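Read the structure below first, then the notes.
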Amino acid sequence: MHWTLKPKPEAKKVKMLAQDLQVDETIATLLLQRGVESFEDAKKFFRPSLEDLHDPFLMKDMDKAVERIEQAIANEENILVFGDYDVDGTSSVALMSSYLLSYYPNVATYIPDRYEEGYGVSYQGIDFAEDNNFSLIIALDCGIKAIDKVAYAKEKAIDFIICDHHRPGENLPDAAAILDPKRNDCSYPYDELCGCGVGFKLVQALAGRRGQNINNLMLYLDLVATAIGADIVPMTGENRVLTYFGLQVINTNPRPGFQAIIEQIKKDKLEVSDVVFIIAPRINAAGRMKHGQHAVNLMTETDLEQAKIYAQEIEAYNLDRRETDREITEEALELIKSNGEEERFTTVVYQEHWHKGVIGIVASRLTETYYRPTLVFTKSGDKLAASARSVKHFDVYNAIEACEDCLEQFGGHKYAAGLTLLPEQFEAFKNKFEQVVKETIDVKLLTPEISVDLEIDLKDITPKFFRVLKQFAPFGPGNMTPVFMTQNLQDTGWSKQVGEDKSHLRVVVKQGNSASFTGIGFGMGEQYELIKDKKPFKAVYSLDENTWNGNTTIQLRLRDLKK
């Protein structure tokens with residue numbers, strides 16, 4: 001594990017900001033590292049406001065989208081809300097359909113089947129629209145590359161409105177409107193929205209036309225916050241504002257579907273990390289193991305008792321998903337070893353019986369083990385489908401694009417992508433992908449890196465300091481939980497390996513004559529050797545709270561230790 005200390009801002013700037021905000025210099029440093037440079041910036045950072053959301057009509061084609069929906073309503077057309085089967089897609093569909101249904105009845109939802117139809121807009125979905133007399137499809141979290149499919153729909157007199165956030169290709173589909181802040185010709189001030197975020201901007205625009213304001217839309221922000229957290233988009237700008245208020249909704253007035261999940265897990269106050277690791281995997285499990293429509297049903301259900309029944313079903317899919325993902329990960333690790341591929345620049349593995357619903361998770365697990373760009377393939381109809389994951393600072397989308405001649409289709413982001421190819425293209429792709437990555441990656445990127453915000457002493461960690469730090473939330477890419485490094489730590493004799501197989505490390509440490517702090521390092525049990533017998537060591541960690549017997553203390557969440 002490689003530790004990298006972030007550059008320190010200019011001392012003069014730190015002093016000035018600390019004075020302006022009446023905070024200590026450590027806090028001022030952390031703020032400057034996050035681009036907060038003035039009192040005004042700090043106000044926006046610490047007190048997110050719904051006033052800071054941009055006018056939705058700044059987005060290219062927003063006027064066309066609103067006009068087409070208003071026309072559909074005036075003509076009593078049937079509207080089909082179509083979205084992908086992951087959290088971003090299903091929460092987008094729940095948001096858009098429940099908003100439209102609040103004042104117009106002819107609206108239905110459609111989530112493609114992961115196995116029958118695959119990712120994105122599908123011919124089957126368009127045929128369903130035709131058979132059931134839908135003349136407008138609103139596609140969410142997908143569609144930016146669906147040129148042929150949108151043309152196919154047009155032949156059947158079905159219009160498309162596309163709300164997407166993925167990178168467009170050379171040409172755009174011939175749709176009634178295309179909302180995508182990543183379009184080159186779109187000058188919307190913030191281009192890091194997720195699919196549900198783009199859908200929300202459309203809802204905001206429709207609401208404005210109906211004389212509603214942002215306060216009338218608060219009840220939808222729990223969906224938007226969940227999608228933002230699950231899709232790992234930057235926690236900056238509008239995303240941060242939407243998440244901040246979305247979490248308030250989740251914690252004070254959650255929709256019945258979320259309340260049912262929260263009651264299952266028995267947790268008081270949810271943070272973004274809980275949304276990412278507790279709510280999102282459950283919503284995702286429906287599309288992975290059964291069908292994404294189950295997730296939409298859960299998120300749009302208004303009766304709590306019925307929501308509890310849906311939540312139980314989804315919990316069963318989630319347990320099933322966990323077991324499947326564990327089995328496939330073990331098989332994949334075995335395959336890498338038996339093929340003698342531990343030393344490659346990439347991981348590309350394939351078994352035709354692997355469950356398509358979990359290959360993305362398995363790719364993430366393999367990346368944790370071998371830390372390199374990874375693709376996990378399985379059989380999908382007469383083709384092979386893969387999920388790709390990358391390592392920090394390496395654009396796997398570009399690397400896949402460089403192998404385009406071996407592929408049928410692909411799409412995605414810098415760190416996560418999907419693709420399909422013909423079985424006979426597999427070996428050629430595997431070799432070419434290895435070659436491309438080998439030639440373009442900086443070898444340093446193949447060692448996991450911990451980015452450290454600041455070196456501090458234990459005496460700097462006061463209740464007041466921690467109180468301010470908690471207000472940096474919500475955390476996510478672009479505003480990660482601060483990570484600190486402290487040197488010359490010493491075990492007080494109370495540290496030990498914990499957990500069933502002693503795989504975790506619980507420490508009680510001090511620095512010189514400081515107060516002692518408790519810390520926990522998950523999966524770090526083996527590092528006990530480094531610190532026992534009071535050998536001095538250094539640690540990187542973040543701070544969190546631990547409540548035990550009604551007492552709450554600040555604890556170190558360890559990331560790594562070194563001599």
Side-chain angles (χ1 to χ4, degrees), residues 69 73 78-111 132 134 138 140-141 163 195-197 199-200 202-204 206-207 210-230 242-243 245-267 270 274-275 278-287 290-318:
I69 292 170
I73 291 172
N78 293 331
I79 301 173
L80 187 64
V81 181
F82 185 108
D84 189 30
Y85 38 67
D86 68 1
V87 178
D88 193 8
T90 51
S91 49
S92 304
V93 168
L95 166 83
M96 184 61 64
S97 63
S98 54
Y99 179 71
L100 290 173
L101 283 165
S102 71
Y103 64 100
Y104 181 65
N106 308 352
V107 179
T109 60
Y110 190 98
I111 302 285
N132 293 280
F134 288 94
I138 303 174
L140 296 137
D141 190 34
C163 303
C196 190
F200 180 75
L202 176 52
V203 165
Q204 206 187 335
L206 289 164
R210 297 178 58 234
Q212 292 177 308
N213 63 26
I214 192 73
N215 296 319
N216 302 111
L217 304 178
M218 278 296 282
L219 70 155
Y220 300 103
L221 292 184
D222 53 356
L223 293 170
V224 185
T226 301
I228 289 169
L242 291 165
T243 306
F245 288 99
L247 281 171
Q248 284 185 3
V249 177
I250 289 173
N251 284 314
T252 56
N253 184 24
R255 62 191 48 242
F258 286 171
Q259 192 178 332
I261 293 179
I262 293 165
E263 283 180 18
Q264 279 177 349
I265 56 174
K266 299 180 175 55
K267 193 155 195 268
L270 272 67
D274 301 312
V275 171
I278 295 171
I279 293 186
R282 285 165 171 78
I283 295 170
N284 244 333
K290 196 77 175 170
H291 197 287
Q293 187 61 44
H294 292 279
V296 175
N297 297 346
L298 174 76
M299 290 187 277
T300 52
E301 181 54 59
T302 53
D303 177 68
L304 182 60
E305 290 314 306
Q306 184 56 49
K308 285 179 181 174
I309 295 168
Y310 288 150
Q312 275 168 344
E313 287 172 10
I314 278 183
E315 182 58 25
Y317 301 144
N318 191 42

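Computed from a predicted structure; not experimentally measured.
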Contact summary for [X] and [Y], nearest pair of heavy atoms:
{"X": "G195", "Y": "S92", "value": "C-OG, 3.6 Å"}
{"X": "L217", "Y": "Q204", "value": "CD1-CA, 3.7 Å"}
{"X": "F258", "Y": "L223", "value": "CZ-CD2, 4.1 Å"}
{"X": "L247", "Y": "A225", "value": "N-CB, 4.2 Å"}
{"X": "I314", "Y": "A285", "value": "O-CB, 4.4 Å"}
{"X": "M218", "Y": "V249", "value": "O-CG2, 3.5 Å"}

* To do: Could you label the plane-to-plane angle of the Y99 and Y220 rings as parallel, tilted or perpendicular, counting under 30° as parallel and over 60° as perpendicular?
  =>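 Correct class here is perpendicular.
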* Exam field: side chain N132 to backbone F134, donor-acceptor pair closer than 3.5 Å ->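 No, because the side chain of N132 does not come within donor-acceptor range (under 3.5 Å) of the backbone of F134.
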* **Any donor-acceptor pair under 3.5 Å from D88 side chain to C196 backbone** =>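 Yes; at least one donor-acceptor contact below 3.5 Å.
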* Asked: What residue among L101, V107, L95 forms side-chain contact (heavy atoms from CB on, under 4.5 Å) with V81?
  ->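 Going through the options one by one, the only one that passes is V107.
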* Would you give the length of the straight line joining atom OG1 of T226 to atom CZ of R255, rounded to the nearest 0.5 angstrom? =>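 Between atom OG1 of T226 and atom CZ of R255 there are 8.5 Å.
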* To do: To the nearest 0.5 angstrom, please state how far the CD1 atom of I278 sits from the CD atom of Q264.
  =>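 With rounding to 0.5 Å, CD1 (I278) is 11.0 Å from CD (Q264).
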* Take S91 and I283 through the test side chain to side chain contact (heavy atoms under 4.5 Å, CB included) and record every step on the way to the result. => CA-CA 9 Å; S91 49; I283 295 170; over 6 Å; no
* **For Q306, side chain to side chain contact (heavy atoms under 4.5 Å, CB included) partners two or more places apart** =>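 In terms of side chain to side chain contact (heavy atoms under 4.5 Å, CB included), with neighbours along the sequence ignored, Q306 is linked to E301, D303, I309, Y310.
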* Go through the structure and list residues passing salt bridge (Lys or Arg N to Asp or Glu O under 4.0 Å) with E263, not counting sequence neighbours. =>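 Applying salt bridge (Lys or Arg N to Asp or Glu O under 4.0 Å) to E263 gives K308.
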* **Any residue meeting ring pair (Phe, Tyr, Trp, His ring centres under 6.0 Å) with Y104, in chain and number order, not counting sequence neighbours** =>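 Scan of Y104 (ring pair (Phe, Tyr, Trp, His ring centres under 6.0 Å), adjacent residues dropped) gives none.
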* To do: Report yes if the side chains of E313 and K290 come closer than 4.5 Å at any heavy-atom pair, otherwise no.
  =>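 The answer is no, as the side chains (C-beta and beyond) never meet within the 4.5 Å cut-off.
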* Dump the intermediate steps for side chain to side chain contact (heavy atoms under 4.5 Å, CB included) on L100 and I138, then the final yes or no. => CA-CA 11 Å; L100 290 173; I138 303 174; 3.9 Å; yes
